[in-house]
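Read the structure below first, then the notes.
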Amino acid sequence: PPPPPIRSHIYILLFFSYLRAVVGENVSSVAVLQYYSITMGASNGNSSDKDGVVYIQNHSTKIWLVVLAMTQITLAAGLIVGWPGIAGSLLVAPESAGGAGLSLDQTTQLYSMAAAVNYVAPLFLGYVLDKLGPRWCSVLSNGIVAAGLVGLSCATEYNTFALALALVAFGGPSCQQCLLHVGNLFAKKRFFVMGMVAESITLSFAVLPVMDILWHSIEGMSFRTLFAGLGALVAVSAILSSLCWPDKPYPVLPVPKGDVDTNKTDETQVLMGDKDKEKQVDDEKEEDDPNDLKHLSFWGQFTSGVYLRLVIFFIVTSWWANFYIATVTTELGDQQLFSAEEQHNLTRWLSFLDAGAIVFAPLSGYMLDSVGFAATATTTLLVGALQQALLLMAGTSSTVMIVSFAVYALFRSFLFPYFFATLSRQMGFAHFGLLSGMGFCVSGLTQFTVAPVALWVQGDCHHFLSDPFSCDEGRWTLIHIVQMAQLLLMLILPYMDWRRDVRQEQEKLQLAKESKATYGATTY
């Protein structure tokens with residue numbers, strides 16, 4: 001039969017929302033997915049167990065869920081990063097011209113406040129994710145961002161702008177954080193999908209600059225209309241979250257029968273019988289593995305060496321990534337190797353390449369799935385060191401500078417997928433929100449050291465009134481050498497993780513040999 005009209009779909013979805021609100025139990029998203037599976041002619045393969053864990057079998061449904069996750073992240077997760085893109089135009093234009101009527105100093109103060117809130121927010125909403133699950137964390141996060149955007153559209157004074165922008169900054173990170181479990185729907189491409197979903201936040205960086213383009217292009221367009229429209233879209237996104245996301249993270253699916261698990265050695269695969277291979281269910285069910293961290297308490301995971309090394313890796317690499325993006329304009333001005341116009345063009349190249357870093361997400365995801373985590377971490381550090389080497393060799397070559405920007409974008413694009421993928425692989429999702437929030441919070445606190453270090457490194461040649469022949473060019477060469485040396489020293493961390501993986505693999509291999517010998521003796 002033909003599918004029911006759109007109005008019928010809306011009535012059904014509202015009915016499910018009403019049931020969820022009234023009953024308060026898991027009238028799970030499977031009901032909605034089953035409904036669409038039947039009415040739209042898809043395979044009716046979705047289910048849930050007694051604990052409310054949702055299993056999605058239909059491939060088309062999985063694809064649409066990934067698209068939905070990436071769209072939601074694009075609309076809300078990284079809006080704050082695009083704030084400088086509208087600070088000099090839309091926000092400072094007079095209200096008579098459709099602007100916000102703020103001063104440049106006020107826009108800078110607002111951005112500094114929002115950046116601090118943005119780093120701390122995952123700690124609180126991460127706790128919500130662990131306690132209430134992805135559905136309500138997504139609803140709350142998107143709802144907070146929507147309220148902030150609507151507040152910006154109605155703001156008339158500085159304090160109102162500050163409160164509204166704080167809401168946008170507070171809700172944004174968890175719009176990404178609570179949807180990373182979507183990668184679990186794909187057994188063989190789990191971290192590839194997770195990386196794509198995580199890196200879709202780079203598309204969010206361009207949302208506010210696109211609004212600025214619309215403001216310039218459309219006659220009579222007001223910033224209030226633009227922010228209210230975006231707020232309405234994010235509010236719709238919050239409603240979709242209540243309908244589509246599960247109350248518990250999607251479970252890690254087993255590797256399909258007949259496929260080789262790349263996390264096991266060939267010898268281990270040979271020693272495992274058919275019955276054992278069928279039991280290659282996700283790592284979260286290996287409760288008898290003494291090396292498995294997924295079943296430890298929060299404190300046990302938090303104090304583990306694996307988590308400590310991961311947080312150190314994330315803090316150091318993200319600090320250097322943010323330091324460079326914050327100081328590149330000053331460095332170009334101090335070195336005086338390019339004209340003012342060339343410097344402007346180079347910074348535009350950097351902005352373009354950084355915003356387009358999502359094109360590298362498939363590469364990082366492929367490496368995590370196929371090459372391994374230690375190799376991916378090693379590659380990340382070597383790519384960061386390569387960028388510093390290119391900066392030291394660039395001289396007056398704008399081509400080499402642009403290549404170094406592309407390498408920087410590659411380096412930055414590996415950071416978040418590696419952090420989230422490693423955390424979920426080693427720790428599971430029981431305390432994922434709080435652990436990732438702690439990592440972000442500590443990393444955010446270290447960002448306050450960027451400004452004093454930048455003041456120590458910079459010279460005064462970047463000032464327009466400086467004498468180009470007697471001004472101080474700064475310590476930029478030294479800082480590049482220090483960064484390169486530190487990133488190379490950090491290679492000890494993936495080496496330690498690799499040694500841990502090898503030791504665990506040897507223990508599993510030994511258990512497999514003993515099991516094979518016992519099974520052979522028994523059947524004989």
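Note that this is a predicted model, so its numbers are computed, not measured.
Between F411 and T317 the shortest side-chain heavy-atom distance falls below 4.5 Å. The shortest distance between side-chain heavy atoms of L68 and W64 does not fall below 4.5 Å. Side-chain contact between N184 and M194: present, with at least one pair of heavy atoms (C-beta onward) separated by less than 4.5 Å. R500 has its side chain within reach of V306: a pair of non-hydrogen atoms, C-beta onward, lies under 4.5 Å apart. Between W320 and I479, some side-chain heavy-atom pair lies under the 4.5 Å cut-off.
Across all non-hydrogen atoms, the minimal contact from G78 to F205 is O-CD2, 3.5 Å. The minimum heavy-atom distance between S174 and L125, with the atom names listed, is OG-CB, 2.9 Å. Residue V139 comes nearest to A238 through the heavy atom pair CG2-O, 3.6 Å, listed as atom of the first residue, atom of the second, then distance. Here the shortest heavy-atom pairing between L129 and C178 reads CD1-CB, 3.8 Å. Of all heavy-atom pairs spanning Y418 and T422, the tightest one is O-OG1, 2.7 Å. The heavy-atom pair separating V145 from C175 by the smallest distance is CG2-SG, 4.2 Å.
When atom types are taken as modelled, the side chain of R190 and the backbone of G183 share no donor-acceptor pair closer than 3.5 angstrom. Put simply, the side chain of S204 never gets that close to the backbone of S200: no donor and acceptor are under 3.5 Å apart. For S138 (side chain) and P134 (main-chain N/O), no donor-acceptor pair under 3.5 Å exists by modelled atom type. No donor-acceptor pair under 3.5 Å is formed between the side chain of N118 and the backbone N or O of A114. Proximity of a side-chain donor or acceptor of R475 to a complementary backbone N or O of W456 within less than 3.5 Å is detected.
To the nearest 0.5 Å, atoms CZ (F124) and OH (Y127) are separated by 12.0 Å. Going from atom CD1 of I73 over to atom CG of L180 covers 6.0 Å, rounded to the nearest 0.5 Å. Here W299 contributes atom CH2 and T303 contributes atom OG1; the two are 6.0 Å apart, rounded to the nearest 0.5 Å. Taken from OG1 in T378 to CE in M367, the straight-line distance is 8.5 Å, to the nearest 0.5 Å. Taking NZ of K62 as the reference point, atom CZ of F186 lies at 6.0 Å (rounded to 0.5 Å). In this structure, the separation between CD on Q72 and CG on N142 is 5.5 Å, given to the nearest 0.5 Å.
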List the steps and the verdict of side-chain contact (heavy atoms from CB on, under 4.5 Å) for V193 and L185. CA-CA 9 Å; V193 175; L185 294 173; over 6 Å; no
Could you walk me through whether L493 and W498 pass the side-chain contact (heavy atoms from CB on, under 4.5 Å) check? CA-CA 9 Å; L493 297 181; W498 175 76; over 6 Å; no
M70 vs Q176, side-chain contact (heavy atoms from CB on, under 4.5 Å): CA-CA, chis, key distance, verdict: CA-CA 8 Å; M70 295 179 69; Q176 175 200 48; over 6 Å; no
Dump the intermediate steps for side chain to side chain donor-acceptor pair (under 3.5 Å) on T449 and W319, then the final yes or no. CA-CA 9 Å; T449 63; W319 192 94; 2.8 Å; yes
Evaluate the criterion side-chain contact (heavy atoms from CB on, under 4.5 Å) for residue pair W245 and Y250; output intermediate values, then yes/no. CA-CA 9 Å; W245 299 125; Y250 293 123; 3.9 Å; yes
Full working for ring pair (Phe, Tyr, Trp, His ring centres under 6.0 Å) between Y307 and F302: CA-CA 6 Å; Y307 181 72; F302 178 73; 5.7 Å; yes
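Side chain to side chain, E199 and S413 fail the donor-acceptor criterion of an N or O pair below 3.5 Å.
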Only pairs under 3.5 Å count here: list side-chain donor-acceptor contacts from residues 381-401, not counting sequence neighbours, and write none if there are none.
{"residue": "Q388", "atom": "OE1", "partner": "H480", "partner atom": "ND1", "Å": "2.7"}
{"residue": "Q388", "atom": "NE2", "partner": "Q483", "partner atom": "OE1", "Å": "3.2"}
{"residue": "S397", "atom": "OG", "partner": "V400", "partner atom": "N", "Å": "3.2"}

Could you go through residues 428-445 and list every donor-acceptor pair under 3.5 Å that involves a side-chain atom there, pairing it with any protein atom two or more places apart or in another chain?
{"residue": "H431", "atom": "NE2", "partner": "F298", "partner atom": "N", "Å": "3.4"}
{"residue": "S436", "atom": "OG", "partner": "Q177", "partner atom": "NE2", "Å": "2.6"}
{"residue": "S436", "atom": "OG", "partner": "F432", "partner atom": "O", "Å": "2.8"}
{"residue": "S436", "atom": "OG", "partner": "G433", "partner atom": "O", "Å": "3.1"}
{"residue": "S443", "atom": "OG", "partner": "S318", "partner atom": "OG", "Å": "3.0"}

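Screening V234, I201, V168 for a side chain to side chain contact (heavy atoms under 4.5 Å, CB included) involving L79 leaves a single residue, V168.
Annotation: F373 is in aromatic contact with F191 [ring centroid separation under 6.0 Å].
Using a 30° and 60° split on the angle between ring planes, F323 and W476 fall in the tilted class, from 30° to 60°. Between F419 and F314, the ring planes are parallel. Angles under 30° get that label, and only those over 60° would be called perpendicular.
Within a 6.0 Å radius of OH in Y366, no more than 12 heavy atoms belonging to other residues, nucleotides or ligands are found.
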